[in-house]
Every structure is written in C-alpha cells, then in structure tokens.
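The block underneath contains the structure these notes are about, expressed in structure tokens.
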Amino acid sequence: MDHQLVVYNTLSRKKENFEPINSPFVGMYVCGPTVYGDGHLGHARPAITFDIIFRYLQFLDYKVRYVRNITDVGHLENDADEGEDKISKKARLDQLEPMEIAQYYSDRYHENMDQLNCLKPSIEPRASGHIIEQIEMIKKIIEVGLGYEVDGSVYFDVIKYSKTHEYGKLSGRVLEDLLSNTRDLDGQSEKRNPTDFALWKKAQPEHIMRWPSPWSDGFPGWHLECSAMSTKYLGEQFDIHGGGMDLLFPHHECEIAQSTACNGKESVKYWLHNNMITINGQKMGKSLGNFITLSDFFSGENKLLEQAYSPMTIRFFILQAHYRSTLDFSNEALQSAEKGLKRLMTAMDTIVNLKSSETSTSNIKELEKKCYDAMNDDFNSPILIAHLFEGVRIINSVNDGKESITAEDLTLLKKLFNDFAISILGLKNESLKNNNDLPDKLMEVILNLRQTAKTNKDYATSDKIRDELKNINIVIKDTKDGAVWSEEN
RNA sequence: GGUUUCUUGGCCGAGCGGCUAGGCACCGGUCUGCAAAACCGUCUACUCCGGUUCGAAUCCGGAAGAAACCUCCA
C-alpha cells in the first residue's frame, strides 16, 4: 500500500510530502526535558505527539532512529553573568549534588513516560555526557569566524552570520526588528549585540556545574547540546526535528545558526512543533506556576483536580486534539475524555465475541482507508479517533443484531482497531481484565460470598463454590484466619 | 511595541469553497427486576462588518477579543 504522508513544516509554514533523505531510514530529534522538576501536563504533549509520530513512521515500515535528549546541564536562569542555573539552584536549596537532582528527575520523567505508554526513544543522550562534542563544535564555529571569545565566554555572532544566512527564517523574525525590539539588556552583557547568544559560559566561583574547556572552566550555552547531539547521532542532515512551539525562538533558531555555521548546510528537513496546553486560556508552564504535574493527575491530589485521571485518559485527551492546536485543560474535558476512552475500550472487548454473517452492512475497507488518510494528513489523531468511533458504532450495532458483518470484514475491523488504537495511538486497556491483580480480586469476592453462605449455615452453597472451583483446579482451604486459595495442577 | 497565530453549538474539538465531523452533556424513545451499558432519534454553531463567488465556517479587506514568542519554559 502506498500512503503519501504529509507533514506540516514550520520552516515553510506549509504541509509538505514526507520524503526521508535516506529512505527507509528516518532520523528524528526531539527536545526533551530539563530535569529539575516533576514533569507536568505540558511535558506530556510533545512526548505523546512525537510518540505517535514515531509509532506511525515505524508502522509505515520506516526504520526510525528517534533521539530525545535529557538536559542535565543547567541553563542559566537569566542572561546576566551572575545568573545561576536551574539545576544548581535546586541542588543548593536541597543540599544535593546537581547530578542527584538530574538523576532523580530523569527517573521520575521516565516513570511518567512509561505510564503514558510512550515508547522509549532509540537514544536518549544527556547534555553532560557530550561536553566534548559541544566544545569541538564551538571550536569549529570560532574557526569559521562566527564565534568570538570574551573573558572565557564564547558567543555566536548573529550579525555576521546574518550577512550570509537568513537568521530568523524559522520563527519569521527579522534581525533589525529583533535588534530594535530587544527588551532591556540587563546591563553588563559581554555580547557584541543583544541578539548574540552564548556558546560557552565561564563559570562564576559559586557555580557548581562546570567543565574544563580551552576558554575557561564553565559550561556550554543552552542551545548547543541539541546541535551537537543531533549531529552526533543523526548526522549533519536529518529528517525531523521536533519540540514545543515555545522552543521555536530562540532555541531552534539558534540551533539552525550553529549547525549551519558548523556544517556549512541546513541540517533539518522538517521542523515539527506541537502547540501548548493551556489552563484557563493561558499556557501551562513552569515559570507561570500554573502547571499540574503528571503524578498529580494520576493520583488526583491537586486542588484544581476534581478526581484522579489515569495515564490513558491523559493520553486520549491529548490525542483528541490535533498536535498543532492549543488544548485547554479542564476537569470537564478530561472527564469526557475518560468516558470516550472507556466507550472505545469497551467496544474493543465486544469485538472479540462478535459473530459474523453472510453480509456486511458497513464498508470496513473504506473505514480503514479513512483512518490512513487521517494519519497521513499531518498525523490528524482527532480525525482518526472520530473514525474509530464510527467503528465503535458498527461493533455495537452488530452486537445488538441490528447490523451484520462478514467474517472477512470482522477480521479487518479487528486489525483496524489493533493497528490504529493500540499500535499507532498507543492506547491500552486499563480495565481490570488486563490487570494482573484480577484473579486475587475475583477470588476475594468469591470467598466473601462463600463466607456469607457459611455464616448463614447455607452449606449447600458454600460447598458448591468449593467443589466448582476444584473443578477448575482452584483449591480452597479453610484455616483459622479464614479461607485461602491456591492453584493445583 | 514587534512577530506569529487563533476566535466553531452547553463543554472539548475537527474542518483548507458546495457533502451529518467526532466525543462528552442534555432531551425523547427501544431494551431492562433495579442499575449500568448498548441502540435509534432530536436539539443547540461557525466573534462582528464589508467584499469575491452561482455558492464561504472555509478566500480577501476591516473591526473587536484572546494567546504564544520577543527572558528560562514542552
């Protein structure tokens, strides 16, 4: 089957046919978290967005190398020289080694990602493990004359770069505007121009995270790691670079400048950006302090939450909106997502026992095509989900005997749900049926019923329960502390 | 202030010039010991004002409102 996938490229602001540089191989780099705090709902968005992109590309038989970094080198909180970085600050406050902070929060992040059923990236490089690569990159940039050193720090010369390249092409910014519109310069910058950005920063005495370099003991600038690590693992040119829209400027713009300066050519073919999750119409973010952590969602322990929401509810909620649209958080929206997901999952249980007939009242082939079309149109998961609900309607109608389906169509329908709901959208049934605790929980109910019967001296019933369980090799033994059960072979 | 984007029914959320998006909620019905589920049906839309067009939620112009980025943020 030949499916033309179309993706929206931020660089061209258009949908483009997806054609890998070196098919069937696809390289995808996504900006990961800075690990100095618990992951919140906003972090789930890119993770899930690029998870379904990863899943779908693999489903289309591409060989995908998916790289998502962990930023464990603290970025400066502000551009002033005496700025402290986020990880160091947290470490100082908690009296821990910065790497303890980074380790703790990356573990938490991974746990959340597993809960959300996000596949692990192929490579998850850490910035701190690639200091050498970053230093080499700075050397190259200085070599080509686009980096300059001032007192142990190295900056990228944006003005000079823009003479031969278009700085601002990704975010649609014009350098002159940037220069005239930059906010207050916070004084004492060593930079030649306010638009220049740091490649290497000399560490102040109190700065704990530091590495040696030809220029000073310090740390790499905050855009450099992505350029260095994407080049290392995906090559000088690769297919997809993803991340949140808030990273568009300056982060990704600077990445382009660095990589281009270094490699002499554009490195990324398709730039993909997910939109923000909002709360009361405003972006949910760390700096605004209006975020709700993923763990809070799963436990329900947050003032803003009326109840707990399972990881799959969160996943489904996010997938019900297109990744390039903002998505507004509310309890009402999450509750309807929860119900919708349940309906979908119930139908997937129903389909297993569905009976086929001579004829079909629905066109499953066409439904399948619509599902492919939805995903091929820039990963339109909400449309895909709408089509899956059409499938749900069919399943329920057939189950009710109001519609019919042939054996062939039934097989196709099962495959459709398996492919699109499970493999591509990465949904999974969280119901008890797929829960390992189920036997224990069921036996508890049965043993309680039997105990009630015994208390009522209804020994016929209590014996019947014991005998019938014995028939399926479950043995009940009455002990002083109550009944226990075990499996006999 | 600059750049970019958005404004759809009770809520969420698709839509890219003509065809019911979908989910949740509501209402009516079928089914039902009760409850739930399921099924059928119904009802609420395209911020406003102009224009292009046989025809616009969809294209163009204007107005109002909102957001993101311009500083770390997914």
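Below, chains carry the letters A, B, ... as their sequence lines are ordered, and counting in each starts from 1.
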Should A:K402 be listed as having a side-chain N or O under 4.0 Å from OP1 or OP2 of B:rC40? no

To the nearest Å, how far apart are A:L41 CG and B:rC73 C1'? 15 Å

Under 4.0 Å: is that the gap between some side-chain N or O of A:K283 and OP1 or OP2 of B:rA74? no

If you check every side-chain atom of A:E332, which of B:rC11, B:rC39, B:rC69 has the closest atom? B:rC11

Please report the distance separating the P of B:rG29 from the corresponding atom of B:rA67, rounded so that it comes out in whole Å. 45 Å

When rounded to whole Å, the CD1 to P distance for the pair A:I385 and B:rG15 reads 13 Å

Shortest non-hydrogen contact between A:C118 and A:I48, atoms and distance: SG-CG1, 3.9 Å

What pairs with A:H165 under ring pair (Phe, Tyr, Trp, His ring centres under 6.0 Å), at least two apart in sequence or on another chain? A:Y161

Nearest-angstrom distance, C1' atom, B:rC6 to B:rA14: 15 Å

Picking from B:rC39, B:rA68, B:rA25, the nucleotide nearest the side-chain atoms of A:D400 would be B:rC39

A quick test of your reading: do over 12 heavy atoms of other residues, nucleotides or ligands sit less than 6.0 Å from CD of A:E444? no

Identity of whatever pairs with B:rA68 - Watson-Crick or G-U, under 3.5 angstrom: B:rU3

To the nearest 0.5 Å, what is the distance between CZ on A:F156 and CZ on A:R192? 12.0 Å

When you get a sec, tell me which of B:rC70, B:rG13, B:rC24 is the closest nucleotide to the side chain of A:P250? B:rC70

Rounded to the nearest 0.5 angstrom, the CG-CZ distance for A:L388 and A:R393 is 14.0 Å

Whole-Å gap separating C1' (B:rA67) and CG (A:N290): 13 Å

Under 4.0 angstrom between A:R324 side-chain N/O and B:rC6 OP1 or OP2: no

Could you tell me whether A:E338 contacts a base, only the sugar-phosphate backbone, or nothing, with contacts defined as non-hydrogen atoms closer than 4.0 Å? nothing

Given B:rG15, is OP1 or OP2 found less than 4.0 Å from the side-chain N or O atoms of A:N380? yes

For A:L248, report the nucleic acid contact type (base, sugar-phosphate, nothing); a contact means any heavy atom under 4.0 Å. nothing

How would you label the contact of A:M276 with the nucleic acid (heavy atoms, under 4.0 Å): base, sugar-phosphate, or nothing? base

Between A:N396 and B:rC39, is there a side-chain N or O to OP1/OP2 distance below 4.0 Å? yes

Distance, P atom - from B:rG22 to B:rC40, rounded to whole angstrom: 12 Å

Between A:H40 and A:T346, just flag the one whose closest nucleotide in RNA chain B comes earlier from the 5' side. A:T346

Taking the same atom, P, in B:rG15 and in B:rA25, what whole-Å distance lies between them? 24 Å

Counting only Watson-Crick pairs (N1-N3 plus N6-O4 or O6-N4) and G-U wobbles (N1-O2, O6-N3), all under 3.5 Å, who is the partner of B:rC31? none

Check whether any side-chain heavy atom of A:E225 sits under 4.5 Å from a side-chain heavy atom of A:P220, and report yes or no. no

Under-4.0 Å side-chain N/O to phosphate OP1/OP2 contact, A:R343 with B:rC39: yes

Please determine whether the number of non-hydrogen atoms from other residues, nucleotides or ligands lying under 6.0 Å from atom NZ of A:K342 exceeds 12. no

Whole-Å distance between B:rA67 P and A:I277 CD1? 18 Å

Regarding A:G172, tell me which of base, sugar-phosphate or nothing describes its non-hydrogen contacts under 4.0 Å with the strands shown. sugar-phosphate

Considering only the C1' atoms, how many Å lie between B:rG9 and B:rA21, rounded to the nearest integer? 13 Å

Which value, in whole Å, describes the distance between the C1' atoms of nucleotides B:rG17 and B:rA35? 49 Å

Consider the side chain of A:F389, meaning its heavy atoms from C-beta on, and name the nucleotide among B:rU4, B:rG22, B:rA21 that approaches it most closely. B:rG22

Using heavy atoms to find the nearest nucleotide of RNA chain B for A:E390 and A:G42 separately, return the residue whose nucleotide is more 5′. A:E390

Using atom CG of A:N69 as one end and atom P of B:rA74 as the other, report the distance to the nearest whole Å. 11 Å

Looking at B:rC59, which nucleotide sits across from it as a Watson-Crick or G-U wobble partner, both distances under 3.5 angstrom, or is there none? B:rG51

Mark yes or no for whether A:T361, through its side chain, and A:E403, through its backbone, hold a donor-acceptor pair below 3.5 Å. no

Can you tell me, in whole Å, how much space there is between the P of B:rG23 and that of B:rC39? 10 Å

Figure out the CG/C1' separation between A:L354 and B:rA38, and round it to whole Å. 13 Å

Tell me the interatomic distance from A:L334, atom CG, to B:rA25, atom C1', rounded to whole angstroms. 15 Å

Among A:F50, A:W271, A:Y66, which residue meets the ring pair (Phe, Tyr, Trp, His ring centres under 6.0 Å) test with A:H241? A:W271

Classify A:T326 by what it touches in the nucleic acid, base, sugar-phosphate, or nothing, heavy-atom distance under 4.0 Å. sugar-phosphate

Check every strand shown and say whether A:N399 touches a base, only sugar-phosphate, or nothing at a heavy-atom separation below 4.0 Å. nothing

Contact class for A:H387 vs. all strands (heavy atom < 4.0 Å): base, sugar-phosphate, or nothing? nothing

P gap between B:rA37 and B:rC27, integer Å: 13 Å

Is there a side-chain contact between A:S325 and the phosphate of B:rA14, meaning an N or O under 4.0 Å from OP1 or OP2? yes

Partner of B:rC19 by Watson-Crick or G-U wobble geometry, both contacts under 3.5 Å, or none? none

Spacing between A:Q320 atom CD and B:rA25 atom P, to the nearest angstrom: 12 Å

Classify A:K370 by what it touches in the nucleic acid, base, sugar-phosphate, or nothing, heavy-atom distance under 4.0 Å. nothing

Looking only at B:rA21, B:rA68, B:rC69, the nucleotide nearest the A:Q282 side chain is B:rA68

The nucleotide from B:rA14, B:rA74, B:rC39 with an atom nearest the side chain of A:R393 is B:rC39

Nucleotide forming a Watson-Crick or wobble pair with B:rC43, both distances under 3.5 Å: none

